[in-house]
Amino acid sequence: MHIYIEDIGKYQGKDVIIKGWLFNKRSSGKIRFILVRDGTGIIQSVIAKGEVKDELFKIVDKITQESSVILTGTVRKDDRAPGGYEIIAKDIKVIQMAEDYPITPKEHSIEFLLPFRHLWLRSKKQNAIMRIRHEIIKACRDFLDNQGFINADTPILTPAAVEGTTTLFQVDYYDQNAYLSQSGQLYNEATAAALGKVYCFGPTFRAEKSKTRRHLTEFWMLEPEVAYIELDGIMDLAEDMTVYFVERILEKRKKELKILERDISKLEKIKKPFPRITYKQAVEIIRKKDKQLKYGDDFGAPHETILSDSFDNPILVHHYPAGIKAFYMKRDPNDESLSLSVDMIGPEGSGELIGGGQREDDYKTLLKRLKENNLPEKSYEWYLDLRKFGTCPHGGFGLGLERTIGWICGVKHVRETIPFPRMLDRVYP
RNA sequence: UGGGAUAUAGCUCAGUUGGCAGAGCAGGUGGCUGUUAACCACCGUGUCGCAGGUUCGAACCCUGCUAUCCCAGCCA
């Protein structure tokens, strides 16, 4: 019976079939140990001379790393085996003998590994990161779905910029130009007014000349948007969702965190309530360590790290000056210079994980903002309509998936948190 | 787009004052009946990033170029 290695514990004493690839092998006299991986785990198999056909024994000596194999044998509990179980081999069928696998069992540099990303994904740590990525996605979706959110995805091909055109990828769209979406937010506002509570989740594209450990040109963003919500409610949502997926990872993916040598105690400290501080208070905290920063400046990466080092939890920074936020942010009725915006700065220097806020919901004010930003009114006609036909206070946020995974996994650079990273100088493989 | 660094064996790196091109790992062969990144012995491997220059002599010094990595702005 074909089984997966992650389920091996259920088959003690039984004969099973494992379909996978050779991870590594060792030998000692008349006994051979092979490690087979199948994507769900790694299992050791023992091949002893005299207990199997001589022919099989010879094949084992020849199998190369990453050759595809089908292993048949009996499951046995044994403390000497990594993982606690091993398979006493009865038969091994080589589906294809791999030649000179480039990623040998030793340390490699990132320069070497990146062009082999298609193979690098087979390694233990990358496997663990991808499993955590999957779990975070699933947890966020479950969290939103349980609260009655509707997944209403927004287009990737869009007619115009959301916030300026310099950072957009342009594509030919029959006889006109289109752009790859850099946010689903504006469309989210339309679906929120149609469905109440919505989210979109998909790839977003930024043609920024960014070459930092927190940037990809193609990344995934989860964007919830809610009708009849105000800034405090948006912060509650961001906080609750974060606590939810952190708990889920600690519950279901401890094994993967261990493979990644992640300090779990840091994640166990994530508890409600998160500190909520105004932009002004944040500036004061940062200025204790960096006098260069002035009120009105946006935070750079080192500033975010100073902030995150001051707390165990993620920090919700709200009421940024309107000048450093997008045109659609609603202004604070008590102070027109401030926006009803919020960013969530992740712990341990993981950076801005969430950006969002309450949207401008007044037709005349929004029109004025468009003009101030020299945005083409015609392209935004449909967006303005949302303020003409039953406007209401509403808002939401965007969560950067790769940065979130980087934080949870304790991986510094976001390129390892997506199967195939797209960066300024890299679109292969 | 700036600032910093690197480029030597398949990989990770060392290479002293300018004087024969090195090690570990991976690979190959042999040995070992419970190995855990197994171990032991033996074996092979080079456009020293590219193009010039200085020098009796350059991996090393000088000039230019190319590529890559790190950090940052913009942002999620």
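Since the structure is predicted, the reported quantities are computational estimates derived from the model, not experimental observations.
Regarding A:H108, its NE2 atom lies at a distance of 15 Å from the P atom of B:rA9, rounded to whole Å. In this entry the distance linking NZ of A:K209 with P of B:rG2 reads 12 Å, nearest Å. Rounded to an integer number of Å, the gap from CG of A:L293 to C1' of B:rA72 is 15 Å. Between A:I43 atom CD1 and B:rU36 atom C1' the separation is 14 Å, expressed in whole Å. Distance, A:K211 NZ to B:rG73 C1': 14 Å, rounded to whole Å. Distance A:L113 CG to B:rU12 C1': 11 Å, rounded to the nearest Å. Between the P atom of B:rC75 and the CG atom of A:D343 lies a distance of 10 Å, rounded to the nearest Å. In this entry the distance linking CD of A:E111 with P of B:rU12 reads 7 Å, nearest Å.
Dashed line: the shortest gap from a side-chain N or O of A:N24 to OP1 or OP2 of B:rU36 is not under 4.0 Å. Applying the 4.0 Å criterion to OP1 and OP2 of B:rG73, one finds that A:R206 has every side-chain N and O outside that range. Between A:S109 and B:rU12 there is a side-chain polar atom (N or O) within less than 4.0 angstrom of OP1 or OP2. Between A:R426 and B:rC69, a side-chain N or O to OP1/OP2 separation shorter than 4.0 Å is present. Side-chain N/O atoms of A:R26 include one lying less than 4.0 angstrom from OP1 or OP2 on B:rA38.
Nucleotides B:rU45 and B:rG3 place their C1' atoms 39 Å apart, quoted to the nearest Å. As rounded to the nearest Å, B:rU68 and B:rC50 have C1' atoms that lie 15 Å from one another. Taking atom P in both B:rU63 and B:rU54, one finds a spacing of 15 Å when rounded to whole Å. The C1' atoms of B:rU66 and B:rA9 are separated by 22 Å, rounded to the nearest whole Å. Comparing the P positions of B:rC69 and B:rU12 gives an interatomic distance of 13 Å, to the nearest angstrom. For the C1' atom pair drawn from B:rG64 and B:rG22, the interatomic distance equals 30 Å after rounding to whole Å. Distance check on atom P: B:rG73 versus B:rU16 gives 38 Å, rounded to whole Å. For the P atoms, the distance from B:rA58 to B:rC20 is 12 Å, rounded to whole Å.
B:rA14 is unpaired under the criterion used here, namely a Watson-Crick or G-U wobble arrangement in which both key atom distances are under 3.5 Å. Using N1 to N3 plus N6-O4 or O6-N4 for Watson-Crick, or N1-O2 and O6-N3 for G-U wobble, each under 3.5 Å, B:rC69 pairs with B:rG4. Base pairing of B:rA26 is not made with any nucleotide, judged by Watson-Crick or G-U wobble geometry with both donor-acceptor distances under 3.5 Å. When Watson-Crick and G-U wobble pairs are counted only if both distances are under 3.5 Å, B:rA21 pairs with no nucleotide at all. Under the Watson-Crick and G-U wobble criteria, each requiring two contacts below 3.5 Å, nucleotide B:rG57 is left unpaired. When Watson-Crick and G-U wobble pairs are counted only if both distances are under 3.5 Å, B:rG46 pairs with no nucleotide at all. With both pairing distances under 3.5 Å, B:rA51 is matched to B:rU63 as a Watson-Crick or G-U wobble pair.
Summary of the strand contacts: A:L424 and A:F299 both lie near RNA chain B, and taking for each the nucleotide with the nearest heavy atom, the more 5' one is attributed to A:L424. Heavy-atom nearest nucleotides on RNA chain B were determined for A:L401 and for A:H303, and the one closer to the 5' end corresponds to A:H303.
A salt bridge does not link A:R403 with A:E304: none of the charged nitrogens is closer than 4.0 Å to a carboxylate oxygen. Between A:D7 and A:K10 a salt bridge is recorded (basic side-chain N to carboxylate O distance below 4.0 Å).
Across all strands shown, A:L35 has no heavy atoms under 4.0 Å from either base or sugar-phosphate atoms. As judged by a 4.0 angstrom heavy-atom cut-off over every strand, A:E304 is placed among the base-contacting residues. In this structure, A:F112 reaches the sugar-phosphate backbone alone: every heavy-atom distance under 4.0 Å involves primed, P, OP1 or OP2 atoms, never a base. Counting non-hydrogen atoms under 4.0 angstrom, A:D298 reaches the backbone sugars and phosphates but no base.
For A:P393, the side-chain contact (heavy atoms from CB on, under 4.5 Å) criterion is met by A:Y228, A:E230, A:Q358, A:D361, not counting sequence neighbours.
Judged by distance alone, with hydrogens and angles left aside, A:R214 brings no side-chain donor or acceptor close enough to the base of B:rC74 to form a pair under 3.5 Å. A donor-acceptor contact under 3.5 Å is formed by the side chain of A:S210 with the base of B:rC74. Applying the 3.5 Å distance criterion, the base of B:rC75 shares a donor-acceptor pair with the side chain of A:H215.
In this structure, A:Q281 and A:T278 have side chains that are in contact, with non-hydrogen atoms separated by less than 4.5 Å. Side-chain contact between A:K197 and A:P224: absent, with no pair of heavy atoms (C-beta onward) separated by less than 4.5 Å.
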Footprint string (nucleotides 24-34 of chain B, 5' to 3'): B base within contact, S backbone only, - free, heavy atoms under 4.0 Å | BBS-----BBB
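Heavy atoms of other residues, nucleotides or ligands lying less than 6.0 angstrom from CD of A:E55 number 12 at most.
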Given A:F327 and A:Y380, is the ring-ring contact (aromatic ring centres under 6.0 Å, His included) satisfied, shown in steps?
-> CA-CA 12 Å; A:F327 75 92; A:Y380 289 90; 5.7 Å; yes
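A:F112 has its ring centre no less than 6.0 Å from the ring centre of A:W120. The aromatic ring centres of A:F299 and A:Y279 sit less than 6.0 Å apart.
Here the rule is salt bridge (Lys or Arg N to Asp or Glu O under 4.0 Å) with A:K325, and of A:D298, A:D332, A:D343 only A:D343 fits it.
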